[in-house]
Amino acid sequence: MIIRLAICASLLSCGGARGPKSSSHHADSESNSDSALVGHSKLEELIATGQASAALQVAAQLERRGQDISDETLGKLSQLVDRIPSGKLPSLEPSLAASLVLLRRSLLALHAGDSDSAERYAQEAGQDPRLRQEWQGVLARLRDRPNTIDTHKIAVLLPLSGDHAAIGRAFLDGISVAALSDENVNLLILDTQGSEEGAREAVVRAAKAGCLLAIGPIGKYESAAAAFEARVQRLPIAVLAPTAGYADSKNVFRLVLSPAFEAEQAAIVATELGFQSLAVLAPRDELGLLQANAFAASARSLGVEVVMLGTYDPAAIDLENDVRAFLNLNPKTNKRLRQHYRQYGRRSWKSFSPDIEFDLLYIPDRTARAALVASYLPYFNVELESRDSVSPLSLRQKHGGRIPRIVQLMGSGAWLGGDLAARGGAAVEGALIVSACPGGLELDVSEQAREFRNEFRKHIGRPPPSASAHAYDAMTMVLAAHRRSLSGGGSGSRTGQELRAAILRDGVCGTLEVNGLGQVEGQIEVLRVLAGVPEIYEF
């Protein structure tokens, strides 16, 4: 929806500013103002609760009353339109909201291969002067699609320059190794530069080159931009963004498992192991909050309480203050700690035994940061589950007569991306790791994983990172769909049909299957750190 957001952001400048309405009575002016506030408040409430059709109706009413809608609200509203099933799109009087619905109808027609209807809806959307220029551009790109398709050409859209070039190269390596198995495929590699505009341009170039379909990009925003442009260009695309969304079961697919899926599965594992008081401590960034909320929502759906949900600065060198806050080690709010300080002095915090309300703590972060967070816990006298048993008497003596709650650490698959033992030491010994794809790492998971690692080393010259394993499986699914589609003419739509029914039973990341929404689903592995080495954990 990036193009829509850009459209929404330019609407006020295109449509002109609306001045305040004159009124003969000050009371009438105040009444109108109050009414507008109520209307905008209602609109925000409907958007927040996902009531798309009702939100569009209210937005249209506000427009008829001459009320401005902020760029931010319009952006949220345009995103909601994508969630409305085709049969439930509302009919609205001419308005910006109606034009957004026409945009949705146009895209749905494109997905179905109905170019005439797609163009008609686009023309109707262009009746709004604030959208006319943008939609003329969309129609021009729609008509610029080549008549001939090279059934053997697949575009690869990745950030090969800019801030995300390293991860882009890792994905490209995995895709390239997978493509070695199919001599009938030619790859057109395009650099998205890690930007929305670069992603859109790459899709247009792929379409003009007559590519059968595209795979990539990997970033959240560039993938959204690429998915939108691919709909316009009628180019099937398999995005590799781990964030859920973008897929539509028609010609846009998401072929890598999301961190949210992994976090949801982690909560299921925690409950299956019998833990009833869970906590999350996650980096304070978009991905960390996504996983934290997914873990908490999954646990609550199973009737298990998430008693604490904390965050920390993902860029800070020193995390002591964030971990202190999470453990409530603040004498202003912690009565026991105040009393301890009065009795033993402020430097006595090292002998203080904190109150722990949870028996499992989930930390979804990369190796270095997760290990640092884990190391702070025993530093603050939090007892962690490990292989070594500790007698209740020893614990009572250590914690001033109290027997503390022992906490099981649980990490995400990102824990497997580095030297966990060297960074975390004793703090991570006995920790559980829930990973959606441990097979790309040096773990004895399956024969397919071992073959992939050997092939990767042979052609790339180094062990594969996890990103390459994900990319390898995604490309393997694309190639299989492509081979099946050749028997029916090898068209993009036929390849899309094959992808919609794709199942990869022997992938590096295990069994993968594309669901009805065009998004891949898979399985997870549970590992436990023993003697510093993650091993498959059977429970």
*Side-chain (Asp473) to main-chain (Val508) donor-acceptor, under 3.5 angstrom*: yes
*Are any side-chain N or O atoms of Ser176 and backbone N or O atoms of Leu172, one a donor and one an acceptor, separated by less than 3.5 Å?*
yes
_Which residues pass the side chain to side chain donor-acceptor pair (under 3.5 Å) test with Ser195, not counting sequence neighbours?_
none
*Taking all atoms of both residues into account, what is the closest heavy-atom pair of Asp285 and Pro314, and its distance?*
OD2-CB, 3.9 Å
*Hey, does Thr511 have a side-chain heavy atom less than 4.5 Å from the side chain of Leu504?*
no
*Quick one: closest heavy-atom pair of Leu287 and Pro259, and the distance?*
CD1-CG, 3.5 Å
*Using modelled atom types only, decide if a donor and an acceptor are shared between the side chain of Glu525 and the backbone of Ser435 within a distance under 3.5 Å.*
no
_Approximate separation, where rounding is to 0.5 Å, of Leu56 CG and Leu46 CG_ = 10.0 Å
_Worked check of side-chain hydrogen bond (donor to acceptor under 3.5 Å, both in side chains) between Glu63 and Gln67_ = CA-CA 5 Å; Glu63 283 191 84; Gln67 298 296 331; over 6 Å; no
*asked:* Assess whether a salt bridge exists between Asp313 and Arg369, defined as any Lys/Arg side-chain N lying under 4.0 Å from an Asp/Glu carboxylate O.
replied: no
_Can you confirm whether Arg366 is buried at CZ, in the sense that more than 12 heavy atoms of other residues, nucleotides or ligands lie under 6.0 Å from that atom?_
no
*Spacing of CG belonging to Leu281 relative to CG belonging to Leu309, to within rounding of 0.5 Å*: 9.0 Å
*Would you please test Gln265 and Val526 for side-chain contact (heavy atoms from CB on, under 4.5 Å) and show each step?*
CA-CA 10 Å; Gln265 297 300 307; Val526 182; over 6 Å; no
*Hey, does Glu521 have a side-chain heavy atom less than 4.5 Å from the side chain of Leu512?*
no
*Write down the atom of Ile237, the atom of Ala230, and the distance for their closest heavy-atom approach.*
CG2-CB, 3.6 Å
*Check whether any side-chain heavy atom of Val434 sits under 4.5 Å from a side-chain heavy atom of Ser412, and report yes or no.*
no
*Start with the C-alpha distance between Tyr472 and Glu455, add both sets of side-chain angles, then the distance that settles side-chain contact (heavy atoms from CB on, under 4.5 Å), and finish with yes or no.*
CA-CA 11 Å; Tyr472 179 90; Glu455 193 75 3; 5.8 Å; no
*Would you call Arg484 and Glu498 a salt bridge, using N to O less than 4.0 angstrom?*
yes
*Without hydrogens or angle criteria, can the side chains of Asp506 and Gln448 be said to hold a donor-acceptor pair below 3.5 Å?*
no
_Test item: side-chain donor near acceptor, Gln57 and Gln61, under 3.5 Å_ = no
*Given the rule in the side-chain hydrogen bond (donor to acceptor under 3.5 Å, both in side chains) test, do Asp191 and Ser161 qualify, once you have shown the distances and angles that lead to the verdict?*
CA-CA 7 Å; Asp191 182 10; Ser161 62; 2.6 Å; yes
*asked:* Under 4.0 Å between a side-chain nitrogen and a carboxylate oxygen: does that hold for Arg200 and Glu222?
replied: no
_Beyond-backbone contact of Gln193 with Pro159, side-chain heavy atoms, under 4.5 angstrom_ = no
*From CA spacing to verdict: side-chain contact (heavy atoms from CB on, under 4.5 Å), Ile189, Leu160*: CA-CA 9 Å; Ile189 300 170; Leu160 302 177; 3.6 Å; yes
*Show your working on side-chain contact (heavy atoms from CB on, under 4.5 Å) between Leu188 and Val156 and close with a plain yes or no.*
CA-CA 6 Å; Leu188 175 62; Val156 180; over 6 Å; no
*Indicate yes or no: at least one non-hydrogen side-chain atom of Asp173 is less than 4.5 angstrom from one of Arg462.*
yes
*To the nearest 0.5 Å, how far apart are OG1 in Thr192 and CZ in Arg205?*
11.0 Å
*asked:* For a quick test of reading the model, state the closest non-hydrogen atom pair linking Ser223 to Ala241 and the distance between them.
replied: OG-CB, 3.3 Å
_Nearest 0.5 Å, please: how far is CD1 in Ile154 from CG in Asn186?_
9.0 Å
*Do Trp415 side-chain atoms and Ile363 backbone N/O form a donor-acceptor pair below 3.5 Å?*
yes
*Is there side-chain contact between Met477 and Val514, with at least one heavy-atom pair below 4.5 Å?*
yes
*Taking the six-membered ring for Trp, are His152 and His482 parallel (under 30°), tilted (30 to 60°) or perpendicular (over 60°)?*
perpendicular
*Determine whether more than 12 heavy atoms belonging to other residues, nucleotides or ligands lie under 6.0 Å from atom CZ of Arg505.*
no
*Of the non-hydrogen atoms in Leu158 and Gly168, which two are nearest, and what is the gap between them?*
CD1-O, 3.6 Å
*Locate the shortest heavy-atom distance separating Val256 from Leu240; write the atom from each residue and the value.*
CG2-O, 3.1 Å
_Heavy-atom side-chain proximity of Leu499 to Leu213 below 4.5 angstrom_ = yes
_Return the CD1 to CZ distance between Ile268 and Phe295, rounded to the nearest 0.5 Å._
10.5 Å
*Spatial distance of atom CD1 (Ile460) from atom OG (Ser468) [nearest 0.5 Å]*: 7.5 Å
*Minimum side-chain heavy-atom gap Leu257-Glu262 below 4.5 Å*: no
_Ser181 side chain vs Ala178 backbone, donor-acceptor pair below 3.5 Å_ = yes
